[in-house]
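A, B, ... follow the sequence lines: proteins, then strands. Residue 1 opens every chain.
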Amino acid sequence: MSTVEPPITIAILGAGKGGTAMLESFLNLPHIRLLGIADTNPHALGFQLARLHNIPTVSHPLKLIQEDKVNLIIDVTGDPILPSYITEHKHSGAEVLGGTAAKVLSELIRHQTFIQAQLFQSEKLASMGTFASGIAHDINNPLYVILAMAEEIQEETNLDRIRLHAASIHEAAQRIQAISRNITDYVRSSSHQELERIDLHARLDEALSISRFATKFREITVQKHYQNGLSVQAKPEEMLQVFINLITNAIHAMEEKGSLTITTSHSNGTVQIAISDTGCGISPEHLQKIFNPFFSTKPKGQGTGLGLYNVKTIVKKYHGDLQVESEQGKGTTFRLSFPAIPPVDDQVFDGQP
Amino acid sequence: MAETTAAMFGGHKTNGLVLVVDDEPDVRKVVRMTLEKTGYDVIEAEDGEKAIEAIHQGENPLMLDVIITDIRMPKINGVEAINYFQQQWPRVPLIVLTGFPDMEMATGFLNKGIVDYLVKPVEKEKLIKSVATAMEKRDLNRL
């Protein structure tokens with residue numbers, strides 16, 4: 001391990017598109033500390049994001065550039081007077097990045113954001129493929145039973161045997177009906193693109209039933225410890241994507257035997273969700289990499305290595321937190337937390353004293 | 001061609017013995033119905049391990065002619081399942097019967113020497129034709 005270096009302290013001047021992209025990017029970097037962001041426009045794009053992360057926002061750059069802690073001043077305003085103003089007033093120890101150099105950095109960051117969006121999309125497509133072939137398999141089995149049994153009935157004269165075949169057809173058709181119902185629910189939820197109040201437990205249950213298509217539960221038991229009336233504010237599709245990813249990972253880790261526990265709770269203005277499995281666990285060296293894009297322990301062609309990366313991205317987007325604990329041979333727990341939103345009414349504790 | 005098998009079953013005339021491996025009982029039943037009507041004997045198993053048990057339950061292990069197997073099964077799947085059967089019974093022709101219409105996987109398996117890659121729901125005639133082809137291959141394997 002290298003020695004811990006002090007973080008680089010940065011002030012951003014300009015909270016338009018360029019400044020916002022930079023701010024967003026720096027928020028994810030552990031060795032960078034943001035001192036503040038300045039813009040003369042009080043409604044600048046980047047101010048909202050900065051406030052959400054408790055980064056000071058100012059209308060005049062003077063205080064920021066005079067601050068003795070500032071290591072680097074990045075000027076993305078494009079204002080022709082600003083460079084000389086900065087040179088004149090800045091703290092003597094601060095470096096300045098402006099003009100074309102700042103523009104190049106800004107371009108690089110925009111390109112990175114674009115690539116991230118593409119990664120996100122490609123995982124979605126890949127998981128859609130797994131999902132679709134899982135569904136195909138689950139439908140084709142009962143469909144085969146229905147077609148063959150129906151053919152059989154046409155030639156069969158023994159009434160008892162006909163009844164038995166009809167019962168098989170009925171059972172198979174019910175299975176297809178259940179699958180179809182789940183798919184329509186899923187499609188309905190993904191067409192919503194708006195932020196909305198999400199009933200956590202309904203989404204967790206939905207994720208569970210969808211995960212059953214992509215994985216084999218077999219001898220896996222599911223334990224749910226739900227605290228009543230918890231909601232978060234998010235896009236339903238994205239929340240579902242987070243849950244499906246974590247649940248299918250848990251199921252894969254257990255190789256068809258074990259226990260999946262989903263616990264929800266509420267404290268200090270946050271909602272917590274824990275998804276635990278009793279599976280193989282994650283080795284310490286893998287644990288550091290699981291959120292990296294393209295990191296996968298699955299055989300080639302089976303995992304995109306983007307699942308957990310996207311989970312992390314979504315969680316961050318909603319100002320949530322994601323932690324993982326794992327012990328090899330014992331199991332893994334993923335802990336999610338999101339800012340809580342108040343319940344719709346006070347009567348959520350139905351049936352409770 | 002059927003003499004050896006017929007002899008094994010104590011003179012009872014049969015076109016051959018087919019092992020059907022699938023984790024769904026109704027799927028096994030449907031395959032059995034189709035094949036028995038065509039004159040084959042069928043034994044069922046829900047996975048590879050159960051298949052071995054079924055083969056060895058009598059005093060002498062049964063002489064298999066053809067194996068029809070799904071590839072999505074507990075503990076082993078895909079290539080592993082095929083390897084497993086090819087190791088257990090190297091001379092017995094394999095037919096894959098699965099719910100996954102996956103061309104890439106199908107080509108891979110055909111290159112490994114399986115007779116056919118059938119996708120459920122499979123037509124009766126197609127299944128019967130495929131088993132007949134497998135039986136011919138079995139005869140060649142025994143030469």
Checklist entry - Does the side chain to side chain contact (heavy atoms under 4.5 Å, CB included) test come out yes or no for Thr69(B) and Val20(B), once each step is laid out? => result CA-CA 6 Å; Thr69(B) 181; Val20(B) 178; over 6 Å; no
Item to check | CA sep, side-chain torsions, deciding dist, call: Val311(A), Asn249(A), side chain to side chain contact (heavy atoms under 4.5 Å, CB included) | outcome: CA-CA 12 Å; Val311(A) 166; Asn249(A) 277 350; over 6 Å; no
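Ranked by heavy-atom pairs under 4.5 Å with chain A, the list Val119(B), Thr98(B), Asp26(B) is led by Asp26(B).
For Lys37(B), the NZ atom sits in a packed shell: over 12 heavy atoms of surrounding residues, nucleotides or ligands are nearer than 6.0 Å.
Side chains of Asp22(B) and Tyr144(A): no donor on one and acceptor on the other come within 3.5 Å.
With sequence neighbours left out, Ala106(B) forms a side chain to side chain contact (heavy atoms under 4.5 Å, CB included) with Tyr117(B). In this structure, the side chain to side chain contact (heavy atoms under 4.5 Å, CB included) partners of Ser276(A), at least two apart in sequence or on a different chain, are Thr261(A), Thr333(A).
Using a 4.5 Å cut-off between non-hydrogen atoms, the part of residues 151-159 of chain A that approaches chain B consists of Glu151(A), Glu152(A), Glu155(A).
For Leu147(A), the part lying near chain B is the side chain, with the backbone staying farther off; criterion is any non-hydrogen pair under 4.5 Å.
Among residues at least two apart or in separate chains, salt bridge (Lys or Arg N to Asp or Glu O under 4.0 Å) pairs with a member in residues 167-179 of chain A are Arg175(A)-Glu24(B).
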